[in-house]
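Throughout, numbering of the chain's residues begins at 1 and tracks the sequence. Order of listing sets the numbers, starting from 1, for every ligand and every atom in it.
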Amino acid sequence: MAKPDIEIKYKQIFINNEFVPAKSGKTFPVINPANKQIIAEVAEGDKADIDAAVAAAKKAFARNSEWRKMDPSGRSKLIYKLADLIERDQEILGILECLEVGKPIGSSKQEVIFAAYSLRHYGEWCDKYFGETFQAPGNMVSMTRKEPVGVVGQIIPWNGPLAMLAWKWGPALAAGCTIVLKPAESTPLGALHVASLVKEAGFPPGVINVVPGYGHTAGAAISSHMDVNKVAFTGSVGVGKKIMEAAAASNLKRVTLELGGKSPLIVCEDFDVNTAAVMCHNFICANSGQICVAPSRVFVHESIHDAFVAKLVAQAKARKVGDPFEPEVQQGPQVNEAMYKRVLGYIEAGKKEGAKLEVGGNPIGDKGYFIEPTVFTNVTDDMKIAKEEIFGPVQCVFKFKTMEEVIERANNTTYGLAAGILTKDINKAMNFANAIEAGSVWVNCYMAFNLSAPFGGYKQSGIGRENGRYGLENYLETKTITMNINPVN
Ligand code: NAD
C-alpha cells in the first residue's frame, strides 16, 4: 500500500500559539524508517529557541495572567476540547505516527485515541486536589494549599510520541502549569500537529510551547534553564542522569524520570503454554520491541520450557513484518538507523556469548530498518543480552526450577520498571508480586496500563510516578499557611 498522500503542514517551532522558524534558521530531516526517505525538514530549535519558549511559558504563568486566573473548570474544558480535536484528527495523526515511528497504521491510530483518553483522564483532575488543615498551638491554625509548580520542561522519546505527550501534558495542565515540550528528534511531526490544535482549542498563548530539536542542544537547554521549575523526562538511563545533573547544577528544578527496563515475565508450569507463548511473543514484538516495559527476560519453568520455545518460535516465524501502512502488517521497522544498528549489535553479542539463536536474528532487506523477530534460548544471567536493554524484537528465554530461585534472578538487574507472572496459583502470584523489585507487576496479564494507577520505576528505571493522583503531585508544590485566628490588636 502506498503511503497516503498527505501534506505535512506543521514543521516549525510552536511558541505563543504561533509557528516560527528556528532563530538559527536551521532545519533537520525527519526520516521515514520504512524507506529511509526524508519525510520533512523541521525547524531545529536550540538554546535560543528554548529561551524564547521558556519566556513565553513564564509570561503565561505570571501572577495575573489569563491562565493563572482561569477557573479549574475552564482548564478542564480546554483539556477536553484538545482531546476532542486529537480524536477528530485521528486519521492524520495516525498517518504521521506511522510515517515517523514506523508503527503499524492500526496501532498508530489506536495510540491517537489513547492519547485523547489520557488527556481526558486529567481533564477530570483540575478541581480534585486538596489541601489539609492542622491543629496548631494557641490561636493558630495551619492549612496547606496545592499550587502549580510553574514552568515545566518536558522531554519525550520517539517510541510512543503521542501517548508520551498526553501523559506529560495532562497532569501539568490539570495542575495549572505552563509547558515547554521537546519531542524526540526522530518524531516531531505528530507533536507539531497537536500543537496546532492547542491554538484551535483556545489555550492562552504561551501555556503550551513545542520546540523540536536535538537532545544535547534543545534538551540540555531545558534541563539547565534557570526559569524552568520542573523537568519531566522519558528515555534512556544515561540521558536521565545527565538531566538530573543539569537540574542540580542549575536551579535544583524538580525532576521526574521514566527510564528503561529489563522486565522479567515468569511463566509457571501450571499456565497454558500456548497462551503464554502468544503473550510473550506479542508483548516483546509490539512496536518492534521498542517499549520500556517489554518483557525482555522470559523465565519459563523447566518442565514446559521446550514446548514453550517451540510455540514461541512458531509465533516469530508467522509474524508479518513489513510496510507499516499495510493493514495486515504486525511489525514495522526500528525507529532509526542508530536503534537498528544497536539491536543488530545485541543480536551479534548474543551469538558470540553462546546463546542459542532459535529463530530470526537478521535484518530484512535494506530498504528500511526492519529486523526479524528473534528468539534466544540458553541465555545465562551474565550475558550482555540478559543484562542490557535491547529495545528490539529480541526475546531472551531462561529456564528456572523454583520460585525462590527465579525471584532472586529476576531481581538481579539494575532496572525495576515492570514484571509479570503467569500462573493459576494465587499464592505464587502474591509471593512474587511482594518480592519483586519493580514499579508495576502484572499477574496473568501484561502491559495492562491503568491511567488511574501509578506507573514508574524502582532502581535505575526512574524517579517518581506518572498517572492519576501520583502523576498530578509531580506538578504541584505544597504551601503551608499558618494563621492567627484571634489576633490581638
Ligand atoms: P534518549 O534518552 O537519547 O532520548 C530521549 C529524549 O531525550 C529525546 O527527546 C532526546 O532528544 C532527549 N535527549 C537526548 N540527550 C539529551 C540531553 N543531553 N539532555 C536533554 N535531553 C536529551 O533515547 P534514545 O537514544 O532515543 O534511545 C536510546 C535508549 O533509550 C533506548 O534503547 C531505550 O533504552 C531508552 N528509551 C527508553 C524509553 C522509555 O520509554 N523509557 C523510550 C525511548 C528510549
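- The ligand atoms of ligand 1 that sit less than 4.0 angstrom from a heavy atom of Ala220 are 19 (N), 20 (C).
- Heavy atoms of Ile291 found under 4.0 angstrom from ligand 1: none, in either backbone or side chain.
- Looking at Gln290 and Lys103, their side chains never bring a donor and an acceptor atom within 3.5 Å of each other.
- Here the shortest heavy-atom distance to atom 16 (C) of ligand 1, taken over Val239, Ile156, Thr234, belongs to Val239.
- Summarising the geometry, atom CH2 belonging to Trp67 is positioned 6.0 Å from atom CG belonging to Leu78; distances are rounded to the nearest 0.5 Å.
- Here the heavy atom of the protein found nearest to atom 43 (C) of ligand 1 is Pro157 CB, 3.3 Å.
- Using a 4.0 Å cut-off between charged side-chain N and carboxylate O, Glu337 and Lys341 make a salt bridge.
- With no hydrogens or angles considered, a side-chain donor-acceptor pair links Thr234 and Lys168 at under 3.5 Å.
- Contacts between Met164 and ligand 1, counted as non-hydrogen atom pairs separated by less than 4.0 Å, are absent for every part of the residue.
- Only the backbone of Leu259 comes within contact range of ligand 1, with a heavy atom under 4.0 Å; no side-chain atom does.
- In this structure, the protein non-hydrogen atom closest to atom 12 (C) of ligand 1 is Ile155 CG2, 3.6 Å.
- Atom-to-atom distance recorded for Ser108:OG and Glu100:CD is 9.5 Å, nearest 0.5 angstrom.
- Considering only non-hydrogen atoms, atom 7 (O) of ligand 1 lies nearest to Phe233 out of Tyr346, Phe233, Tyr415.
- Listed by number with element, the atoms of ligand 1 under 4.0 angstrom from any heavy atom of Lys182 are 9 (O), 10 (C), 11 (O).
- Of the protein's heavy atoms, none falls inside 4.0 Å of atom 4 (O) of ligand 1.
- Nearest protein heavy-atom neighbour of atom 33 (C) of ligand 1: Glu389 OE1, 3.2 Å.
- Pairing each heavy atom of Gly322 with each of Val329, the nearest pair is O-CG1, 3.5 Å.
- Evaluated for a side-chain contact (heavy atoms from CB on, under 4.5 Å) with Pro393, the options Gln334, Glu372, His281 yield exactly one hit, Gln334.
- What sits closest to atom 11 (O) of ligand 1 on the protein, heavy atoms only, is Glu185 OE1, 2.5 Å.
- Residue Tyr214 holds its OH atom at 10.0 Å from NZ of Lys182, rounded to the nearest 0.5 Å.
- For atom 18 (N) of ligand 1, the closest non-hydrogen atom on the protein side is Lys242 CD, 3.8 Å.
- Every N/O-N/O distance between Tyr214 and ligand 1 stays at or above 3.5 Å.
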Report task. Let me see the working for Trp169 and Phe203 under ring pair (Phe, Tyr, Trp, His ring centres under 6.0 Å), right down to the final yes or no. Result -> CA-CA 13 Å; Trp169 285 9; Phe203 282 90; 8.0 Å; no
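- Of the N and O atoms on the side chains of Thr414 and Gln460, not one donor lies less than 3.5 Å from an acceptor on the other residue.
- The shortest non-hydrogen separation linking Lys109 to Gln90 is O-NE2, 3.2 Å.
- If you number the atoms of ligand 1 from 1 as listed, the ones under 4.0 Å from a heavy atom of Gly219 come out as 19 (N), 20 (C), 21 (N).
- The closest side-chain heavy-atom distance from Leu165 to Pro183 is not below 4.5 Å.
- Only the side chain of Arg342 comes within 4.0 Å of ligand 1, judged by heavy-atom distances.
- Using modelled atom types, one finds no donor on one side chain facing an acceptor on the other under 3.5 Å when comparing Thr256 with Asn474.
- Less than 4.0 angstrom separates some heavy atom of Glu258 from each of these atoms of ligand 1: 41 (N).
- Contact of the Leu189 side chain with the Leu99 side chain is not registered, since no non-hydrogen atoms from C-beta on lie closer than 4.5 Å.
- Between the choices Ala221, Ala294, Gly215, Ala246, the shortest heavy-atom distance to atom 22 (C) of ligand 1 belongs to Gly215.
- Atom 25 (O) of ligand 1 has Trp158 NE1, 4.7 Å as its closest protein atom, hydrogens excluded (heavy atom only).
- Nearest protein heavy-atom contact of atom 44 (C) of ligand 1 is Phe391 CE2, 3.7 Å.
- When only non-hydrogen protein atoms are considered, atom 2 (O) of ligand 1 lies nearest to Ser236 OG, 2.6 Å.
- At least one heavy atom of Met339 sits less than 4.0 Å from an atom of ligand 1.
- Geometrically, ligand 1 and Gly213 share no nitrogen or oxygen pair separated by less than 3.5 Å.
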